[in-house]
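Below, read A as the first sequence line, B as the second, and so on, with proteins coming before strands; counting in each chain starts at 1. Keep in mind the model is a prediction, meaning the values are calculated, not measured.
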Protein chains: 2
Amino acid sequence: MGRRRPGAPTLEEVAAHAGVGRGTVSRVINNAAGVKESTRRAVQQAIQELGYVPNLAARSLAGQRADAVALVLTEPDWRQFAEPFFSEIVRSLGDALADTGMQLLLTLVRSDAERQRFLEFARGGRVDGALLVSVHDGDLLPDMLVEAGLPTVLLGRRSGDEYVSYVDADNVGGARSAVSHLLKRGRRAIATVTGPLDMHVAQCRLRGYQEALAMAGLRGEPSWVAESDFTEESGRRAMAELIERHPEIDGVIAASDTTAAGALQALHAAGRRVPEDVAVIGFDDFPLAQQTKPRLTTVRQPLEEIGRAMVRLLLEEVEEPAVAWHHVILRTELVVRESA
Amino acid sequence: MGRRRPGAPTLEEVAAHAGVGRGTVSRVINNAAGVKESTRRAVQQAIQELGYVPNLAARSLAGQRADAVALVLTEPDWRQFAEPFFSEIVRSLGDALADTGMQLLLTLVRSDAERQRFLEFARGGRVDGALLVSVHDGDLLPDMLVEAGLPTVLLGRRSGDEYVSYVDADNVGGARSAVSHLLKRGRRAIATVTGPLDMHVAQCRLRGYQEALAMAGLRGEPSWVAESDFTEESGRRAMAELIERHPEIDGVIAASDTTAAGALQALHAAGRRVPEDVAVIGFDDFPLAQQTKPRLTTVRQPLEEIGRAMVRLLLEEVEEPAVAWHHVILRTELVVRESA
DNA sequence: GTGAAAGCGCTAACAT
DNA sequence: ATGTTAGCGCTTTCAC
């Protein structure tokens, strides 16, 4: 196996070169206080001259920390990864971590073998914590990580009584406000294209839809609900079904911007005019939603804030043994555009 | 910062528990030869009972190796990441590494700051090597890594005289054979939708296109070439331009399956029949190419093999100080479907 | 075949 | 403010 570049200068050599003790060098590279400005400069020069780079393994071993966190993607069908949702989340997490000096490591866990390998990686102390996204309802990886003592934060609950720390958006409220919006504008025949119903987030949005209808004294019949898997294609298909079942349809809540785009296509294909005949509201507010014609009204999740919150929860737990799990549910916001 | 779970059992405790020396335990967990079967079992049982997991930092420090390699994505516009090409490459690399016991770490390098951070990470010995994909022509990160003594393998050259180890496909030959295929079937008005021409791979494919035309005594005028950025949208736009400039067009080589899909849309929109009026050949052979109507003829790159080759080159270099760089150029293959 | 001992390069606690 | 020291948990000789 691979050997680390040998002749690399060590902290000890830097100390000798600068004519100081090892402790002082350590303080300088860690920006610790209590070092005379002149010695600090001398050490920094020695570091420069020798091209010294700290050995991270040694630092981990001595410091009992890894200075890295893993973003774990459990999506087996990792085309989902292609969705803007993921890239935005990654960007947001990367930005949030940039200040902390922690490395963000993306790891893919698609099989049980990989799951096992990641567990050893984490238990072996190579990361200080794990961030998990798109965890499916039955997945036990979070529990295993928690049991291994690793700080863990989920993006999205697996169920209504999730205990592991998580950050989630108010999906029920978001769906409810979308439906209310349509009701206020006189729409009455409102359908919904849901996400995969084995994911809690999709169930929540469906519930919000149903609740809003119920509050208005309407009944949400199953025939007004069609399931998608968040892709454009499945949105198209689901919408086509709904149109067939209910030609009188005048409003739709779609599971994502991508699904909404698919729904728009199906509506156009069926000769419906949007938003005149049918109003469409999508979840998430990405370029797609802003580019489609007409531009979509959306339920926006504050992705920037999601990343910040996840990192904050994780680091708190990393700093000190946590006595409790923390849950953050971010408000969603209706971004109204001409389509509704 | 974070502390590693304290009470974790150490190798020493396992040794005590099993009534053997530390060295023996080390041999057992590393599957080293020369341990009596009975002691091996005793040690394994102790490991089980204590729930022992090796401390990877200590192992790195003592063993001078990290047992991990980084897959570095330098794509600043990381929507590219969404393309099936990336997910397939990642899958392929993951599979190739699975046997070796190495962890694959995905790291995103979008800014200069992140570039610097990754360099320290690598020079700090947290990975044994780096695999780089989609490196743009002017990017100096590979050179910096090589200079830092880190085994490095590129997917795709940055230029014709790349020296850093790389694995690439025969893009020139692939494009040439695609054009020849069309010529043989009587097509004469052949255009091409290229990838971004600041990437060497796109230049190579363009050259193959031009060469094949030249060999047939035809001239590849610039007006028959339109540039895309590998996305569907840009493929649509480029194709629309070409149609306008050359209504007599009867064949197209597209930069990817995604671009080809865009090109198909533009052709349909213009009322052309494919493949009767116009034959379309795409690079890469992903589900998209196989689902479009008509199913596309494609220039296939052996992605499985690309991953294997990259890992092989990297590990060789990791095993022992390399005295040379190695370049592998994989043959491409024309997958003929009804569209041509 | 197995145990003992010497580091790997760093941090942090303790002296000075 | 700075030098010194004792580990962190493992791999790897080297004896036995």
Side-chain angles (χ1 to χ4, degrees), chain A residues 1-43 46-47 50-67 101 120 123-126 128, chain B residues 1-43 46-47 50-67 101 120 123-126 128:
Chain A
M1 293 294 166
R3 281 105 196 83
R4 184 176 135 87
R5 171 182 37 110
T10 71
L11 180 144
E12 176 131 30
E13 291 168 1
V14 173
H17 192 84
V20 302
R22 305 139 51 104
T24 305
V25 177
S26 180
R27 278 168 208 130
V28 170
I29 61 183
N30 290 301
N31 279 318
V35 179
K36 216 195 310 178
E37 192 48 34
S38 59
T39 41
R40 177 181 301 274
R41 251 198 301 277
V43 170
I47 290 176
L50 271 51
Y52 168 74
V53 179
N55 178 323
L56 265 24
R59 174 176 285 175
S60 274
L61 183 55
Q64 310 280 79
R65 89 182 89 117
D67 284 327
E120 295 206 352
R123 305 220 307 151
R126 296 297 284 249
D128 293 321
Chain B
M1 293 300 165
R3 281 109 196 82
R4 181 176 136 86
R5 170 182 38 110
T10 71
L11 179 145
E12 175 131 32
E13 291 168 3
V14 174
H17 193 85
V20 302
R22 304 140 49 108
T24 304
V25 177
S26 180
R27 281 172 205 123
V28 170
I29 60 183
N30 291 304
N31 281 318
V35 179
K36 217 195 308 177
E37 191 50 33
S38 58
T39 39
R40 178 181 299 275
R41 251 199 300 277
V43 169
I47 288 175
L50 270 51
Y52 168 73
V53 179
N55 178 323
L56 265 24
R59 173 175 286 176
S60 274
L61 183 56
Q64 309 281 77
R65 88 182 88 114
D67 283 328
E120 295 207 352
R123 305 221 305 151
R126 296 298 282 249
D128 294 319

* Asked: Which atom names give the shortest non-hydrogen contact between His17(B) and Ala46(B), and what distance separates them?
  -> CD2-CB, 3.7 Å
* Check: Val28(A) and Val14(A) side chains under 4.5 Å, non-hydrogen atoms -> no
* Rounding to a whole Å, what distance do you find between Glu120(A):CD and dC10(D):P? -> 13 Å
* Residues that Thr24(B) engages under side-chain hydrogen bond (donor to acceptor under 3.5 Å, both in side chains), provided they are two or more places apart -> none
* To do: Would you mind classifying the nucleic acid contact of Ser60(B) as base, sugar-phosphate or nothing, using non-hydrogen atoms under 4.0 angstrom?
  => nothing
* So, is Thr24(B) close to the dG3(C) phosphate, meaning a side-chain N or O under 4.0 Å from OP1 or OP2? -> yes
* Structure fact -> Within residues 27-36 of chain B, the residues having a heavy atom closer than 4.0 Å to DNA chain D are Arg27(B), Ile29(B), Asn30(B)
Protein N or O to nucleotides 5-8 of chain D N or O, pairs below 3.5 Å:
{"residue": "dA6(D)", "atom": "N6", "partner": "Arg22(A)", "partner atom": "NH2", "Å": "3.3"}
{"residue": "dC8(D)", "atom": "O2", "partner": "Ala62(A)", "partner atom": "N", "Å": "3.3"}

* Taking atom C1' of dG1(C) as reference, at what distance in whole Å does atom CD of Glu37(B) sit? -> 13 Å
* Between atom CG of Leu11(B) and atom CZ of Arg59(B), what is the distance when rounded to the nearest 0.5 Å? -> 9.5 Å
* Asked: Taking all non-hydrogen atoms of both residues, which atom of Glu120(A) and which atom of Leu56(B) are closest, and how far apart?
  -> O-CD2, 4.0 Å
* Heavy-atom distance under 4.5 Å between the side chains of Val25(B) and Glu13(B), does that happen here? -> no
* Taking five pairs at each end of the helix from dG1(C)-dC16(D) to dT16(C)-dA1(D), what angle separates the two helix axes (nearest 10°)? -> 40°
* Provide, to the nearest angstrom, the distance between the CD atom belonging to Glu12(A) and the P atom belonging to dT4(D). => 10 Å
* Asked: Looking only at heavy atoms, what is the nearest atom pair of Ser60(B) and Arg126(A), with distance?
  -> OG-NH1, 3.2 Å
* With sequence neighbours excluded, residues passing side-chain contact (heavy atoms from CB on, under 4.5 Å) with Ala42(A) -> none
* Structure fact -> The nucleotide from dT12(D), dT2(C), dC10(C) with an atom nearest the side chain of Leu11(A) is dC10(C)
* Pairs satisfying salt bridge (charged side-chain N to carboxylate O under 4.0 Å, His left out), at least one member in residues 21-36 of chain A, at least two apart -> Glu12(A)-Arg22(A)
* Can you tell me if the side-chain N/O atoms of Ser26(B) get under 4.0 Å from OP1 or OP2 in dC10(D)? -> no
* Keeping the roles fixed (side chain from Asp128(B), backbone from Ala66(B)), state whether a donor-acceptor pair exists under 3.5 Å. => yes
* So do Thr10(B) and Asn55(B) actually touch side chain to side chain, heavy atoms under 4.5 Å? -> no
* Asked: Reckon Arg59(A) has a side-chain N or O less than 4.0 Å from the OP1 or OP2 of dC8(C)?
  -> no
* Structure fact -> Taken to the nearest whole Å, CG/Asp67(B) to P/dC10(D) is 14 Å
